[in-house]
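We name chains A, B, ... by the order of the sequence lines, and we start the count at 1 in each one.
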2 protein chains.
Amino acid sequence: MEKELLLLGILRRQELHGYRLAEFIEHNLGSCTDLKKSTAYYLLEKLAAAGWVAFTQDQAGKRPARRVYRLTEAGEAAFQRLLRQHLAAFTPPYFTDDIPLAFMDLLPPAEALGLLEERRAAAAEHLSQLRAAPAHPGPAQWMVAHQIRFLENELLWLQELEEHLQSPSTHPTPLSE
Amino acid sequence: MEKELLLLGILRRQELHGYRLAEFIEHNLGSCTDLKKSTAYYLLEKLAAAGWVAFTQDQAGKRPARRVYRLTEAGEAAFQRLLRQHLAAFTPPYFTDDIPLAFMDLLPPAEALGLLEERRAAAAEHLSQLRAAPAHPGPAQWMVAHQIRFLENELLWLQELEEHLQSPSTHPTPLSE
DNA sequence: ATCTGAATAGTCAAACCTGACTATTCACAA
DNA sequence: TTGTGAATAGTCAGGTTTGACTATTCAGAT
């Protein structure tokens, strides 16, 4: 339900139609969520069916009427409940990028090393993109901060992984001690 | 395609029928992937349609015939290609748990703090579960190691977040400097 | 005045994923 | 030998997500 929570939280601040909402998410939260435009439309209909948002038709000129969504009272209650519930919960994430690590041993160490260096370069690039971002002040601050924190840790981890591949003996194996 | 890569990599080592495959994943990789049994069946059919795996009917007694899947040559080629491609790539993960952070400021700081403490306790619990796991040696070593590394960083980050909530002035705000 | 490409606004079929369900076999206790 | 619960093996309807598509409006170039 986290995506629903996000939509509720945004609509709570200001009423919007689907396109604006999706645009807002893409521009402000693009680095923190994978919610796509078509998913947003889908979820808006679901929220409307649940009575958590309502909409009015906004007929401007001859173009197809836009649905302008706003939070209902039931929606506000749901938002409050979901916010608390999900703030207290911890869900371990799954890293799809980790799957190839399970088969690294099938490659010549030198090749694996080269590929991991590519990966680390991509991660480093991504991190500097994030750091360079317009530093827009807003509710996404903590989300971005966490993402940065995560990436910094990833870079360290990838470096250690590479060091292990270079000289397995002098560097600790994963779960060792 | 990472999930497909995982299935290919497992079938490459040994031919299996759907149930064994799903069981293997659940037991050995449960903490690292969210691949479910029914998804495995779905993907197996997809892989078969693509010609990357083939199956033989294994009729034992009166029970419905089991499909025993094995890697084809095309599957081996695909595996080699996908392994290199995904080992070199970096895909930023999205943390659904971060979404509520965007709305933390709507709660009284004391309440937010309490909820975050719950979250950190859950994360710590999860970490010790992982650490206590049977330390099965296998190809999943690096995946588990990464997960542990990630969780350690998460705990530190949550602690800092809590400290900031307790005394915003003396602890740095997210993107500050 | 008209043309063109970008921005706006949204739809839809197809792909993906999952929980809940069915059905058989097996171990073993009663 | 019969009943019971766990393990085995898989299916399927329904929910979710997405890329690709349509269609309108608008700003500025020609």
dT17(D), OP1 or OP2 - any side-chain N/O from Lys36(A) closer than 4.0 Å?
no

Salt bridge present between Glu162(A) and Arg120(A) (N-O < 4.0 angstrom):
yes

Note: contacts of residues 39-47 of chain B with DNA chain C (heavy atom, under 4.0 Å) are Thr39(B), Tyr42(B), Lys46(B)

Let me know the distance between CD of Glu26(A) and P of dG10(C), rounded to the nearest Å.
15 Å

Parallel, tilted or perpendicular: which one describes the rings of His164(B) and Trp142(A), with boundaries at 30° and 60°?
perpendicular

Is the distance from OP1 or OP2 of dT17(D) to the nearest side-chain N or O of Lys37(A) less than 4.0 Å?
no

Atom OH of Tyr69(A) and atom C1' of dG10(C) are separated, to the nearest Å, by 10 Å

Should we count CD of Gln57(B) as having more than 12 external heavy atoms under 6.0 Å?
yes

Taking five pairs at each end, how big is the angle between the two axes of the helix from dA1(C)-dT30(D) to dA30(C)-dT1(D), to 10°?
10°

Polar side-chain atom of Asn153(B) near backbone of Asn153(A) as donor-acceptor pair, under 3.5 Å
no

Base dG10(D) paired with Ser38(B) side chain (donor-acceptor, <3.5 Å)
no

What nitrogen or oxygen pairs link the protein and nucleotides 6-8 of chain D at under 3.5 Å?
residue	atom	partner	partner atom	Å
dT8(D)	OP2	Glu23(B)	OE2	3.2

Mutual orientation of the aromatic rings belonging to Phe79(B) and Phe103(A) [parallel < 30°, tilted 30-60°, perpendicular > 60°]
perpendicular

Let me know the distance between CG of Leu7(B) and P of dC16(C), rounded to the nearest Å.
13 Å

